[in-house]
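What follows is one structure encoded as structure tokens, with my remarks underneath.
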Amino acid sequence: METATPTTRKKTVFSGIQPSGTSTLGNYIGALRNFKLLEDEFQCLYCVVDMHAITVRQEASKLRQRCLELAAIYIASGLDPKKNIIYCQSHVPAHAELSWILNCYTYMGELSRMTQFKDKSAKHQDNINAGLFTYPALMAADILLFQTDLVPIGADQKQHLELTRDIAQRFNNVHGNVFTVPEGYFGKVGSRVMSLQEPERKMSKSDPEDTFINLLDPPDVIRRKIKRAVTDSDGEIRFDTENKPGVSNLLSIIAALEYRSIEDITAELSGKGYGALKDRVTDCVIQTLEPLQTEHKKLMADKPYLHSILDENAEKASMLASRTLSKVRRKVGFAEHGK
Ligand code: TYM
């Protein structure tokens, strides 16, 4: 007699990147390169979070282009679009619907403690809109919509993930076990890549050009930016984030990209000068980005292909989302329809 083998559901991974500019080496090291590591073991959804991007003013034609560009970056980084659900957030209205419901389970006090809100509202004082404030409820919806187990992100998104967990638990306490409470996934090294010019601050695409490496920067630009990276005057290659933030940042970039320990890299370079360190970082970054850039160029030359991937995957994401959403609708007491 045949015995039924229990089918175990693959656990779910969800993450997103904003198409608000071309992605940086920080996005790559903190998030993107980890996405690939998870694609076999998990059911992964990687989203182009365009709805998040409009919390800051965007030029429509540029945003449209960047959404495609980011989808191409996901694929060019090695993610298989047949295995991973790569799609645009705005193509799946369930994100907006769950976000509204979760807004009603999120407190003003919690939202006003978010450091990203504080930073962004200081940067865009003429446009402190409600969307910027309630942004974490949309991020919680992104994650909870798919019963996500694991969220690969950089350290700067930890606070938003903590809030997502709180919202999930609060909802579950009222309505029973509706949402999976997600965990973060952080790389051993590189979950906070720092600015090349102000290494006490996070590398960010909204800062001036020479402070970050754009994933599509040509090799000569990468070389120039790293050459000008701020270090210090003591001349010793040593990892010490407090006293030597610039040098430490460069060491962590190599360690992260080569999946080696900081100790290993420091030992390799000890006794050498900062010129040698910078050459080493430059070679390592160019070597990592060149294949990605070549593939990206090919993909961008075939927009119909990119659109077909996004359409197909938005449909898959919608189907998965509708399971959670119909449960949530019932739990909060919305009247049934279409019966
Ligand atoms: P975003 O678009 O700012 O960044 C995308 C990812 O890159 C990471 N990251 C960094 N990691 C290391 N060093 C840096 N300098 C650096 N800069 C950015 C971020 O931590 C992030 O993982 N709110 C999110 C997008 C989002 C999301 C989600 C993420 C929306 N919904 C659901 C995960 C799950 C954001 O603004 O990321």
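One is the number of the first residue; the rest follow in order along the sequence. Every number for a ligand or one of its atoms is a count from 1 in the order of the listing.
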**OP:** State yes or no: are the ring centers of Tyr105 and His175 separated by less than 6.0 Å?
**Re:** yes

Original post:
Got the closest protein heavy atom to atom 15 (N) of ligand 1, with its distance?
Top reply: Val193 O, 2.8 Å

Original post:
If two hydrophobic side chains count as joined below 4.5 Å and joins carry through other members, does Val49 share a cluster with Met139?
Top reply: no

Original post:
Should Gly190 be listed as contacting ligand 1, given a heavy-atom distance under 4.0 Å as the test?
Top reply: yes

Subject >> Face-on cation placement of Lys244 at Phe239 ring, 6.0 Å and 45° thresholds >> reply: no

Subject >> ligand 1 to Ser15 polar contact by distance, N or O atoms, under 3.5 Å >> reply: no

Original post:
When you measure from atom 25 (C) of ligand 1 to every protein heavy atom, which one gives the shortest distance, and what is it?
Top reply: Gly16 O, 3.6 Å

Original post:
Between His160 and Gln157, is a side chain to side chain donor-acceptor pair (under 3.5 Å) present by the stated rule, with each step listed?
Top reply: CA-CA 5 Å; His160 286 161; Gln157 294 300 316; 2.9 Å; yes

Original post:
For atom 2 (O) of ligand 1, what's the nearest protein heavy atom and its distance?
Top reply: Gln18 N, 2.9 Å

Original post:
Counting each atom of ligand 1 from 1 as listed, which ones have a heavy atom of Ser191 under 4.0 Å away?
Top reply: 11 (N), 12 (C), 13 (N)

Subject >> Residue, atom name and distance, where the atom is the protein heavy atom closest to atom 20 (O) of ligand 1 >> reply: Asp156 OD1, 2.4 Å

Subject >> atom 32 (C) of ligand 1 [closest protein heavy-atom partner, distance rounded to 0.1 Å] >> reply: Phe14 CE2, 3.5 Å

Subject >> Any donor-acceptor N or O pair under 3.5 Å, side chains Asp149, Thr180 >> reply: no

**OP:** Before accepting this row, confirm whether a basic side-chain N of the pair Lys83/Asp40 lies closer than 4.0 Å to the acidic partner's carboxylate O.
**Re:** yes

Original post:
Do Ile167 and Phe133 share a hydrophobic cluster, counting only Ile, Leu, Val, Met, Phe, Trp and Tyr and linking them when any side-chain heavy atoms are less than 4.5 Å apart?
Top reply: yes

**OP:** Pick whichever of Lys158, Lys205, His52 has a heavy atom sitting closest to atom 30 (C) of ligand 1.
**Re:** His52

**OP:** Kindly confirm or rule out a cation-pi arrangement of Lys205 over Phe212, judged by NZ or CZ under 6.0 Å from the six-membered ring centre and within 45° of its axis?
**Re:** no

**OP:** Provide the number and element of each atom of ligand 1 under 4.0 Å from a heavy atom of Ala31.
**Re:** 6 (C), 7 (O), 22 (O)

**OP:** Out of Gln157, His95, Lys120, indicate the one that has the non-hydrogen atom closest to atom 37 (O) of ligand 1.
**Re:** Gln157

Original post:
Which residue supplies the protein heavy atom nearest to atom 5 (C) of ligand 1, what is that atom called, and how far is it?
Top reply: Asn27 ND2, 3.5 Å

Original post:
At the 4.0 Å heavy-atom cut-off, does Phe212 count as touching ligand 1?
Top reply: no

Original post:
Should Tyr135 be counted as touching ligand 1, given the test is an N or O pair under 3.5 Å?
Top reply: yes

**OP:** Could you list which atoms of ligand 1 come closer than 4.0 Å to a heavy atom of Arg192?
**Re:** 12 (C), 13 (N)

**OP:** Look at the aromatic rings of Phe179 and Phe171 and report parallel, tilted or perpendicular, splitting at 30° and 60°.
**Re:** tilted

**OP:** Assess Arg33 against Tyr259: is NZ or CZ under 6.0 Å from the centre of the six-membered ring, and within 45 degrees of the ring's axis?
**Re:** yes

Original post:
So Tyr135 and His52, would you call those rings parallel, tilted or perpendicular, with 30° and 60° as cut-offs?
Top reply: perpendicular

**OP:** Mark up the atoms of ligand 1 that fall under 4.0 Å of a heavy atom belonging to Val151, in ascending order.
**Re:** 33 (C), 34 (C)

**OP:** For ligand 1, indicate whether the residue Val49 contacts it via side chain, backbone, both or neither (heavy-atom separation under 4.0 Å).
**Re:** side chain

Original post:
Can you tell which part of Cys47 has a heavy atom less than 4.0 Å from ligand 1: side chain, backbone, both or neither?
Top reply: neither

Original post:
Which bit of Ile143 gets closer than 4.0 Å to ligand 1, counting heavy atoms only: side chain, backbone, both or neither?
Top reply: side chain

Subject >> Check ion pair Asp156-Lys202 (N to O, under 4.0 angstrom) >> reply: yes

Original post:
For Ala155, is at least one N or O under 3.5 Å away from an N or O on ligand 1?
Top reply: no

**OP:** Have a look at ligand 1 and work out which part of Leu161, if any, has a heavy atom under 4.0 Å from it: side chain, backbone, both or neither.
**Re:** neither

Original post:
With respect to atom 10 (C) of ligand 1, which of Gly26, Ala140, Pro152 exhibits the smallest heavy-atom separation?
Top reply: Gly26

Original post:
Applying the 4.5 Å side-chain criterion to the ILVMFWY set and letting contacts propagate, would Tyr46 and Tyr305 be lumped into a single cluster?
Top reply: yes

Original post:
Taking atom CD of Glu200 as the centre, does the number of heavy atoms from other residues, nucleotides or ligands within less than 6.0 Å exceed 12?
Top reply: yes

**OP:** Answer with side chain, backbone, both or neither: which part of Asp142 has a heavy atom less than 4.0 angstrom from an atom of ligand 1?
**Re:** side chain

